Structures are given as C-alpha cells and as structure tokens.
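One structure is given below, encoded as structure tokens.
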Amino acid sequence: MNKFVKSISALTAAAICFSIAGCGNKSAVNNEEVKVTIPEGYPVAAEYTDGVTLRIWSTFTPTAVQTSMNESKIKAYLEEATGISTVYEHPAPGSESDAFSLMLASDDMPDIIRQGGWNNPQADEHIDTGAITDLTPWMEAGAMPNLKKLFEEHPEWDEASKTYSGRYFYFPMILGDDILKSYRIYAIRQDILEKTGLEAPETIEEWETYFAAAKEAGIKVPLSIPMNQWEHPFIGAFQVCDGFYQVDNTVKFGPYEEGFEQWIRTMAKWYANGWLDPEFVDQTASRVNALVTNGDAGAFYGSVGGHLGTYLSAIDPASGIKLDAVKVPTHKKGERPMYNASQYSVHSAGATVSGTSKHKELAMKYLDFGYSEEGQIMWNHGKEGESWNWAVYEETGEKYPKYEDIITSAEKRPEGASMGMMLGHYCDTGNPVSVQSKWYLLQNNATPQQRKALQYCNDTDVEKYQLPNAAQYVPAEEYTEINDKMTPIFTYIDEQVAKLIAGKVDLESGLEEYRKTLKDQGIEDVIAKYQELYDIYRNK
Amino acid sequence: MWKKSKSRRIFEVFNVLFMFFMMFIMLYPLIFVLNASFSDSNALIRNGGAPLWLPLEPTANAYVMTFKNPLIVSGYLNTIFIVIAGTLVSVIMSAMCAYPLSKRGLMLNGIITKLIMFTMMFGGGLIPFYLLVKNLGLTDNLWGLIIPTAISTYNMIVLRTGFAAVPESLSESALIDGAGHMTILFKIMIPLAKASFAVIALYYGVAYWNSWFHASIFLQRDSKQWPLQLVLRQILIMNDVQTGETAIDQQQNIAESIKYAVIVVATVPILCVYPFIQKYFTKGVMVGAVKG
Amino acid sequence: MAKQNAVTKKSDVKKVGYFARLRHDLAINKSLYLILLVPVLWYAIFAYGPMYGALMAFQKFNARLGIGGSPWVGFDNFVRFFSDPYFTRDLINTLRISIASVVFYFPMPIIFALLINEIDSRRFVKVVQTITYIPHFISLVVVCGMIKTFVASDGIITTLVSSITGIEFKESLLNNANLFTTIFVGSDIWQNIAWSSIIYIAAIMGVEQQLYEAAAIDGAGRLRQVWYVTLPSILPTIITMLILRMGSIFSVNNEKILLLINQLNAEQGETLSYYIYKKGITNADYSLSSAAGLFNSVINLVFVVATNYISKKCSDTYLW
C-alpha cells in the first residue's frame with residue numbers, strides 16, 4: 001500500500017511540474033491583420049518605430065573583437081540607417097540546433113530568427129505550427145518592396161525562395177555573383193610543375209602523370225583529398241555529379257551511376273600506386289594541414305579560404321613550397337568541367353519573422369533594408385568612410401567598395417584580430433540578410449592564387465545539372481521517410497567506397513555487391529520520388 | 001609488522017618503476033599541450049600532431065591573447081563561483097539524502113531508493129528539462145547550473161555506502177545522550193565518513209569545473225556568464241570549423257596556439273586541487289571510538 | 001564484517017499491522033524523514049518532473065507544438081528505429097564496446113589502487129596520483145587527437161606493437177575495424193584509470209590496521225594479506241561501483257566515438273547513439289532520439305536489476 005501512496009505523490013509532483021512546465025500553453029501566435037502602415041524609405045520615422053527594440057536571435061561565434069553582435073559596428077550602422085533599434089541573442093556555438101528547438105519549444109520567441117539552414121521541408125511545418133510568419137500576404141501588401149523588386153528582376157530567385165506549398169517564408173541570403181557559389185578548389189604544387197616541366201593537369205590522364213612525377217620528386221602524398229557523403233573530388237571528370245541531379249530532365253543519383261564506379265576504380269588504382277593519401281579516411285584538420293604546409297602533399301582539394309588561405313600563410317617561405325590553383329578536373333581536355341560542389345544562388349541561410357512577434361511589420365521593414373542598394377553595400381562592406389571607400393579594381397576597371405586599412409592591414413588592426421574578425425565587426429558578411437557581394441569575397445581572398453582558384457572552381461557546367469532547390473522540396477510528411485531511407489544508403493556508400501578504394505575488399509566483386517546493395521536498399525525508389533517531384537515542378 | 005623479504009623488495013622496486021612509467025605516459029599530454037601553447041602557430045600547423053618535447057619557435061603570444069579575451073576572465077570567475085557554490089549545495093543535498101537512506105530501520109527507504117535509482121536510467125530528455133528550468137526562472141542565471149543538477153545519484157550512493165560503514169552503535173549512543181539527527185549528521189557522521197565526503201566533493205567539484213553543456217543551453221542572453229569550459233569549447237570549435245570563404249588572416253595564424261593556451265588555462269588549476277583533498281583520505285578513521 | 005547497505009526486508013505481517021508500524025516509524029524517525037524530504041522533493045521536481053518527455057518517443061514531436069500538441073504515432077518511432085538496416089550491426093557494436101569496457105576497464109583502477117597502496121612514501125604517492133590524473137582533465141578532443149597520432153602508421157604505439165608481433169603496419173591502427181574496441185577501451189584506461197581509482201584508494205585507506213596485523217600474526221605474507229584482508233574489506237565498494245556502472249553500461253560516450261570513427265572502422269565502431277546522431281543532423285528528430293533513449297534506458301535497467309539481484313544472492317552488498 002505504501003507503494004501506492006508513494007506513486008500517487010510522485011505522480012502528483014509530476015503533474016505539478018507538468019503544469020509548471022506549461023506544455024501546451026504557448027504564447028498565442030500573432031494573427032494580426034496584414035496591413036502595411038509604415039511608408040517606404042529609410043530611416044523609419046519615430047512615430048512608426050514607437051520606441052520598439054526588435055529582438056534578433058542569431059547564431060554567432062564570439063571572437064577576440066566582440067563577444068556578441070551587440071558590440072558590433074554593423075549593428076549600429078544598420079540601426080542608424082533604418083531608424084530601428086535592435087538587440088541580439090546568441091546560442092552557444094556547438095549547441096545551435098538544440099538551442100533552436102528549445103527556442104521554438106519555449107514561450108519566449110524573439111522577433112527575428114536568423115540561422116544558416118532553413119531546410120525547406122520544415123519551412124512549411126514551421127509556418128503551420130506558428131513558429132514563423134507566412135510572408136506571402138505581407139509581400140503582396142507591400143511590406144518588402146526591395147525584396148519584391150529583386151524577385152521581379154530575377155524570377156529564378158523568386159521561385160527558389162518559396163516553400164513546397166508555394167509560400168514565402170524567409171529573407172534569404174542571395175549569392176549575388178557566380179563566383180560566390182563554389183569555394184571548393186583544387187590546388188597543386190607549383191614548384192613541382194616547374195621542376196618537372198609539366199603543365200597544370202586538367203584531365204585524369206594528366207593528373208596521373210603529375211602524380212607519378214610528384215612521387216618521383218620525393219613527395220610522400222601526391223594527392224590529399226576528403227571523401228564523404230557530400231563530396232567526392234574528381235567525380236566531375238567521370239561525367240557524374242554528386243548527390244541528386246538531372247540530365248535532360250532525368251533525375252539521377254551520382255553514386256549509383258556507371259561513372260561513379262569508374263571513379264572508384266580510378267581511386268583504387270591511385271591508392272594502390274601510393275598516389276592517394278593512405279590515411280584518406282582520417283581528415284583531422286591538424287594532420288591534413290601539416291601534410292600540405294610542410295611539403296608532404298603534392299595536391300589537395302579544399303576550401304579557398306579555410307584551407308588554401310591558411311596554408312599560404314602557414315608555409316615556411318624558406319621552404320620553396322609554392323601552391324597554385326588549378327582548374328576543376330574535366331573529362332576531355334578543353335571541355336568545360338561538368339561539376340564542382342556548388343551552393344545555390346538562393347542560400348538556405350536567412351532570416352524569418354517569428355510567429356509570435358508583436359512587431360511584424362517593423363521587423364520586415366528592418367530586414368527588407370538589406371535588399372536595397374544602400375543596404376546591400378552596408379551589409380557587405382559597412383559604412384562609407386569608416387570601413388570602406390570607393391576604388392577601382394585594376395583587372396577590370398570596375399568601381400568597387402574597397403575595405404579600409406582597419407580591416408585589411410595587420411598593423412592597423414587591434415592585436416590578435418584577423419581580417420575575418422574585423423569583417424564580422426564592421427560588416428556582416430558571413431550570412432548577410434542581403435545579396436552577398438563578390439567584392440567581399442575577392443578582397444577576403446586577396447592572394448592571386450585564391451582569386452585564380454575562385455575563378456576556376458566556379459567555371460563549370462554545374463548549373464545545367466543542379467536540381468533547382470525548389471524541385472527538391474519534399475512535402476514535410478514525406479521527408480522523414482526519405483531521410484530514413486537515405487541515411488543507411490549514405491552510410492553504406494561511405495563505408496563501401498572507402499573499403500573498395502583502400503583495397504580491403506576485392507574490387508570487382510565489391511563493385512557488384514555495391515550496385516546490388518544500393519538497389520536492395522531502395523535507392524531506385526528514392527530516385528523515382530525525386531523524379532516525380534521534379535516533373536511536378538517543371539509542369540507547374 | 002612484517003619483515004621485508006627479498007621478494008618484497010623486488011616487488012617494491014618494480015612497483016616504483018611501474019609508477020614512473022605510468023607517470024611518464026600520463027604526463028605526455030600535458031607536456032604536448034604546454035609546449036604547443038608556447039609555440040608559434042604556423043610552426044604548429046606544419047607540425048601536425050607530431051610529439052613536442054620543446055616549444056616550436058617559443059612565444060608567449062598565445063597567453064597574452066588568451067588573457068586579453070574578456071570571456072576568459074569572466075569565465076574563470078563564473079567557474080569558480082559555480083564550483084564552490086555547486087559543490088557545497090551538492091554535497092549538503094547528497095548528505096541529506098544519503099544519511100537517512102543509510103539507516104537500516106527506516107521503512108520507506110526501500111521504495112525511495114528504488115525510485116531514486118530509477119531516475120539514474122530514465123529521463124525525459126532535453127526539452128522538458130529546459131522548459132522546467134526556464135519556468136522556474138533559472139535560465140540566464142548561474143544558479144540554473146547548480147540547482148537543477150544538484151544531486152548526482154551516483155555520488156549520493158557512494159556517500160550512502162560511506163555512511164553505512166559507520167557502526168549503528170555510534171549514533172545510537174549519541175541519541176541516548178540526547179543528540180538530534182542533525183547534530184549526529186554534522187558532529188559524528190561527517191567526520192567519520194570523511195573519506196567518502198572527500199571523494200564526492202572531489203567528483204562534484206570536478207564535474208562542475210568541466211561542465212559546459214547546460215551552460216550552453218541555459219545561458220543565452222549574455223556570454224559574460226559563460227563558464228570557462230564553454231569558452232574553451234567555443235574556441236576549439238572556432239578553430240576546427242573554418243568556413244570555406246573566410247581565411248585565418250595572412251599574417252596572424254595565431255588561433256592554433258591559442259587553442260592550447262586556453263586548454264592549459266582551463267585545466268591546470270583543477271589539477272592543483274587534489275593534493276589538498278588528499279589528506280582527507282587518511283587511515284584509521286575509527287580506532288577506539290566505541291568498543292565492540 | 002558489518003552488513004553494509006542492508007535494507008530491512010518487508011515483513012509478511014498483515015497490511016493492518018504494516019500501516020500501524022509505518023505510522024510508528026514515521027513518528028519515531030520524524031526528523032530523519034524530514035531531512036530526507038528535501039532531497040526527495042528535489043528528485044520529484046527535477047528528475048520526475050521532466051520525465052513526461054519520454055512520451056516524445058510515441059509522437060511525431062514538433063518543438064513548437066510541444067508534447068501537448070504533437071501528433072501521436074504509437075510505436076512508429078520504435079519500428080523506424082528497429083527496422084533500420086544498420087540496427088543489428090550497431091546494436092552489436094554497442095554491446096561489444098560496453099561489455100569490453102566493463103570486463104577490461106573495470107578491474108584496472110582497482111589494481112592500480114592496490115599497487116598505490118603498496119607504496120611507502122606518502123609524498124611519492126601524492127606525486128604519482130597528481131600526475132596520473134592529468135589525462136582525465138585534458139579535453140577529449142585533444143586526447144583523441146593524440147590517440148590518432150599514437151596509432152598512426154609511424155606512431156609510437158604502432159611501432160611498439162610492430163616490434164612485439166613482427167607485423168608491419170602500413171596504415172593507422174584505427175583503420176582496422178577489429179582493433180577499434182581495443183583502442184577505444186585501451187585509451188579509456190589510459191585516460192581515466194587514475195581518476196577512477198580514487199574511490200578505491202579511499203576505501204583501502206579505511207581498512208583497519210589491526211586486521212593486517214592479525215593476519216600477519218597468522219603467518220600471512222603481504223600478498224595473502226591483500227587477498228584475505230584488503231580485497232574483502234573493499235569488496236562492498238567494488239560491488240557497489242559495479243552495480244552503479246551497470247546503470248550506464250549501454251551508454252557509450254558518443255563524443256569519443258565521433259572523434260575516433262572513420263569509414264573503415266565504422267563496421268565495429270558505429271554505435272546506436274552515433275547512428276541516431278547522424279540521422280538527426282539534417283532535421284532535429286527528437287522523437288527518434290527519444291525512442292532510442294528509451295531503448296537505451298531499458299537495457300541499462302535490465303543490466304542493473306540483474307546485477308543487483310545477483311549480488312544480493314551472492315553477497316551482503318546490494319543497492320536495494
């Protein structure tokens with residue numbers, strides 16, 4: 001009987017907590033009438049801002065220059081320009097995803113939510129559950145004139161910014177120039193080329209010649225590349241793209257194609273010849289960085305800034321190691337490469353207005369500023385005279401906003417602050433709620449090698465084959481099922497590919513098993529599903 | 001007293017040698033981290049993970065940068081507060097739980113112990129826990145890092161074991177002499193179970209020192225409230241996740257060595273604590289207190 | 001030897017008698033129960049309060065809708081969890097690592113504590129202890145980086161193994177799936193042996209000197225003294241620690257797996273929780289992780305109850 005008593009008391013306590021935790025009693029979604037009262041133009045007059053301070057939740061990593069966006073200059077610039085006052089809240093780095101869910105679960109949502117990955121299947125869900133505001137009626141009523149104008153000028157951006165059900169839901173970061181879309185580059189040792197008299201490799205055969213020569217010249221690891229679910233370098237040269245793509249409106253899955261098997265065979269050959277890094281499954285930054293910076297690697301694939309940029313400054317100038325960018329590998333010499341890992345013009349990063357905000361129109365007005373001409377320059381460069389000034393770009397004679405010394409010069413900057421940190425202080429270039437400008441990228445990657453790399457890595461046909469992100473929108477209900485199917489498929493591909501390349505499994509029989517297993521795991525069903533969605537999209 | 005035989009002496013020699021070996025292999029991580037923290041960042045990058053017996057291109061730059069970071073100083077203060085307040089609260093709560101549960105006669109002990117053990121294995125997950133803490137007003141507040149996690153059942157059981165080892169007769173004679181249970185708890189149990197208290201105080205203290213996860217979800221408004229380990233974590237992450245477009249600056253690749261300096265700064269203090277606790281693990285706790 | 005942690009077994013007296021005795025007990029021991037009330041309230045609020053969260057496992061949980069508003073899906077999440085092609089493999093990996101950890105890791109701190117106890121110099125002991133704790137405090141990220149260096153093809157451990165076994169290793173030991181568990185548990189021992197030994201050292205120090213003297217008089221050498229005096233004295237501590245360990249047996253440190261796993265060793269290195277983490281990367285699937293968590297908890301519960309039961313039958317020490 002006492003067990004009974006104890007359980008009753010425990011349950012009572014739990015019930016008390018249940019109600020303390022207030023599940024179900026969420027702040028009411030603000031279903032105010034859609035009405036545009038604030039006139040166009042900035043700064044917004046005081047009578048309309050009403051002394052309101054907008055709360056913005058955004059992901060952020062503290063740096064030596066600032067511990068939060070509230071300390072940044074760009075926030076002040078934007079407030080001055082728009083006339084709207086703001087305050088930032090940040091989750092701790094590393095826990096962003098949990099923090100986001102907790103924010104949705106709690107009763108305390110801010111006015112604006114900025115984050116880097118508004119995955120579209122959930123966007124519809126977010127609107128339906130009241131987490132974010134459906135922007136469609138507001139767009140029509142004229143609350144976001146600048147963004148609307150951009151969409152009218154670029155219908156492809158317009159298309160890509162909607163949810164599966166066709167609603168506007170966010171203020172996206174838009175990549176304003178092709179050069180911003182890819183930043184994954186191929187680089188080799190210029191000094192080896194000079195020593196051996198070879199030309200920069202473009203086709204697979206030329207690469208193999210290079211590897212052999214590099215090996216001969218004493219390079220321990222002619223090629224260092226990562227391989228994972230999202231990237232398989234060199235794949236474009238086998239006439240295959242990574243992930244899901246389409247050729248002449250037929251949807252394909254890269255790792256299921258014939259060309260991919262050819263790629264595996266080639267990689268296995270490179271591994272066996274000692275050309276491919278024997279530890280390619282271990283991509284720990286310190287190991288990979290050391291390989292390149294102390295001269296043990298002959299070529300690598302990585303990011304233009306985080307890798308190439310870091311290496312260029314970390315290499316001992318006395319060592320004679322010279323890095324240079326090369327073109328994306330192609331199938332036939334002279335042909336434009338088919339594929340390189342690229343982002344979409346309309347990025348998944350952006351800002352939404354929360355469903356419970358009491359200042360929706362004001363929030364939208366604030367965010368819309370970033371799409372005006374003045375706003376674009378401000379988000380990307382800061383304030384004229386303080387963080388940038390007009391200059392002329394030597395190569396093309398174009399006028400562009402050049403960053404001031406306070407950002408670019410190590411001497412003028414506060415000690416311990418890197419250029420990236422200063423950019424984050426005077427501007428918001430990471431994921432701006434605006435059109436990202438190529439001038440930011442070109443100045444941030446200012447070495448000739450990096451600029452060359454950016455040119456090359458974007459010089460591909462990938463746009464012809466990319467599935468428009470609108471066509472990859474899956475209705476929220478079906479997304480879980482697809483994810484459940486794809487996770488084991490990707491796991492299998494990851495592991496089997498590594499085993500085949502490293503020679504742990506017999507190549508030919510392993511490839512047969514590979515194909516068969518993918519089929520058994522239902523890849524064809526998923527491809528058919530995406531084909532179906534793509535067809536619907538095309539026929540809209 | 002037993003005689004020291006020859007085989008005993010040989011054993012002792014081997015034992016000491018073994019201990020030296022253990023110390024050597026355990027010391028290495030600290031040696032590496034210390035050397036790395038005094039090394040030039042670019043040299044570190046070139047070095048990869050290779051063993052470091054001396055700093056590369058020695059410089060104290062990383063430490064200068066580290067202490068200039070305002071979050072380090074605030075992190076230290078926050079962590080010190082959390083460790084001291086937290087350990088006190090936790091030890092007292094654990095003692096209040098363990099003492100009655102260690103008494104044989106109490107009838108409800110069985111069911112209460114079972115209910116408590118159940119919580120060791122079953123929980124509700126992050127979201128309900130967060131909502132609870134938030135609704136109690138403990139978010140954005142350092143006490144939110146202490147109260148919701150005040151009792152570790154594991155540690156409480158350790159303490160209960162310690163209490164149970166004290167003979168019943170001692171508290172019985174005290175009761176006869178008119179002492180209340182609180183008095184017994186403080187004047188008799190705590191001194192006699194000193195070793196167990198020291199152990200759980202150490203466990204709690206270290207746990208509070210190392211904690212970062214709850215801080216990361218409860219302290220969202222103000223990074224000045226972050227404890228040291230969360231600051232460290234942020235620095236470690238910042239270094240590993242390099243966004244593709246932005247480069248660490250051309251001339252100042254200092255981040256790499258800062259990573260290690262922060263580790264030293266976040267780890268060395270707690271290492272110094274143990275020697276002070278050690279004296280509580282002394283022998284002969286109860287000789288002569290009660291006959292029989 | 002005093003009975004430790006013995007709990008009065010409920011008597012078989014009729015219910016009427018039981019309640020009367022309970023009231024009596026509450027009256028006599030009022031102050032004890034009052035002291036106990038505070039922590040019990042804490043458990044009720046902070047441990048049982050959030051427990052309704054386990055219901056997430058039976059819903060298609062949406063953070064905004066909360067537990068009160070999310071749709072119910074019955075056992076769907078469990079079906080998804082169990083029917084995954086990799087479920088069996090990951091289950092076996094998790095079991096393998098957990099059991100290896102208990103079998104190989106668990107005795108080490110005890111042995112270490114016994115060896116420390118044999119050292120005469122107090123100062124030396126202090127030094128040894130302080131230094132051997134160091135790896136426990138170094139962040140896991142750094143420790144795993146070091147592990148990778150040690151087992152690389154030119155790493156110190158690889159070289160050692162090479163010279164002992166004569167096998168030449170052309171790549172990191174970590175690429176060999178069969179060695180994953182060994183490396184995982186072995187590095188655990190290296191990192192935590194000293195720290196885990198603290199409790200045993202404390203227990204050993206509590207053993208009365210007289211018992212050793214009595215054994216010596218009976219002619220026992222040091223080794224027999226350890227076997228017949230020390231070990232039995234700390235046996236209750238050991239058993240308690242073992243039972244407690246069982247309570248988290250199935251929970252393998254996910255962060256460490258994340259740091260050491262790669263495509264070649266995933267065969268034996270991928271645990272259930274790592275797999276769930278992978279699945280949840282693109283969309284925070286709280287329902288699935290809640291279901292997996294429940295599964296995890298049930299397994300832990302089974303192990304703990306079994307161990308407690310066995311130790312009840314075989315010794316005087318048990319937790320409840």
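Order of the sequence lines sets the chain letters (A, B, ...), proteins ahead of strands, with each chain counted from 1. Note that the coordinates shown come from a computational prediction; the quantities given were computed from them, not determined experimentally.
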Contact part of B/M117 toward chain C, heavy-atom cut-off under 4.5 Å: side chain, backbone, both or neither? side chain
Between C/V304 and chain B, with a heavy-atom cut-off of 4.5 Å, which part of the residue counts as in contact: side chain, backbone, both or neither? side chain
Just wondering, do C/N117 and C/I201 contact through their side chains at under 4.5 Å, heavy atoms? no
Greatest number of non-hydrogen atom pairs under 4.5 angstrom with chain C, of B/V268, B/I147, B/L126, falls to B/I147
Which atoms of B/I200 are under 4.5 Å from chain C, going by heavy atoms: the side chain, the backbone, both sets, or neither? neither
Region of C/M146 that comes under 4.5 Å of a non-hydrogen atom in chain B: side chain
Mutual orientation of the aromatic rings belonging to B/F32 and B/Y260 [parallel < 30°, tilted 30-60°, perpendicular > 60°]: perpendicular
So for B/A36, is it side chain, backbone, both, or neither that comes closer than 4.5 Å to the heavy atoms of chain C? neither
Over all atoms of both residues, closest heavy-atom pair of B/P128 and C/G53: CG-CA, 3.4 Å
Heavy-atom donor-acceptor pair, C/T237 side chain to C/Y200 backbone, under 3.5 Å: no
Less than 4.5 Å to any heavy atom of chain C: does that hold for the side chain of B/V206, its backbone, both, or neither? side chain
So what's closer than 4.5 Å to chain C heavy atoms on B/F24: side chain, backbone, both or neither? neither
Is there a donor-acceptor pair closer than 3.5 Å between any side-chain N or O of C/S287 and the backbone N or O of C/Q59? yes
Greatest number of heavy atom pairs closer than 4.5 Å to chain B - which of C/I131, C/I156, C/N29: C/I131
Any idea which of B/T149, B/I25, B/V33, B/V264 has the most non-hydrogen atom pairs under 4.5 angstrom with chain C? B/I25
Quick check on B/I151 against chain C: is it the side chain, the backbone, both or neither that has a heavy atom closer than 4.5 Å? both
Would you please classify the geometry between the C/F124 ring and the B/F20 ring as parallel, tilted or perpendicular, with 30° and 60° separating the classes? tilted
Chain C contact via B/Y130 - which portion, at a heavy-atom distance below 4.5 Å: neither
Which region of C/F61, side chain (C-beta onward) or backbone (N, CA, C, O), has a non-hydrogen atom less than 4.5 Å from a non-hydrogen atom of chain B, or is it both or neither? side chain
Using a cut-off of under 4.5 Å for heavy-atom pairs, which of C/A54, C/A47, C/P135 has the most such pairs with chain B? C/P135
With a 6.0 Å cut-off on the ring centroids, do B/F14 and B/F21 count as close? no
Side chain, backbone, both or neither: which part of C/T132 has a heavy atom under 4.5 Å from chain B? both
Which atoms of C/V128 are under 4.5 Å from chain B, going by heavy atoms: the side chain, the backbone, both sets, or neither? both
For a 4.5 angstrom cut-off between non-hydrogen side-chain atoms, does C/W190 reach B/P29? yes
Part of C/T149 lying under 4.5 Å from any heavy atom of chain B: side chain
Looking at B/F11, B/Y154, B/Y99, B/F163, which one has more heavy-atom pairs under 4.5 Å with chain C than the rest? B/Y154
Can a donor-acceptor pair be found, under 3.5 Å and without considering hydrogens, that links the side chain of B/N47 to the backbone of B/A50? yes
Contact part of B/F18 toward chain C, heavy-atom cut-off under 4.5 Å: side chain, backbone, both or neither? side chain
Name the option with the most non-hydrogen atom pairs under 4.5 Å to chain B; the candidates are C/I299, C/L115, C/L37, C/I138. C/L115
Please identify, among B/F129, B/F122, B/Y203, B/Y28, the residue contributing the most non-hydrogen atom pairs under 4.5 Å to chain C. B/F122
Between C/D25 and B/M107, is there a donor-acceptor pair closer than 3.5 Å when you use the side chain of the first and the backbone of the second? yes
Might you confirm whether atom CG of C/L34 has over 12 heavy atoms from other residues, nucleotides or ligands at distances under 6.0 Å? yes
So, B/Y204 versus B/S94: side-chain donor-acceptor pair below 3.5 Å or not? yes
Ring centroid separation for C/F137 and B/W209, is it under 6.0 angstrom? no
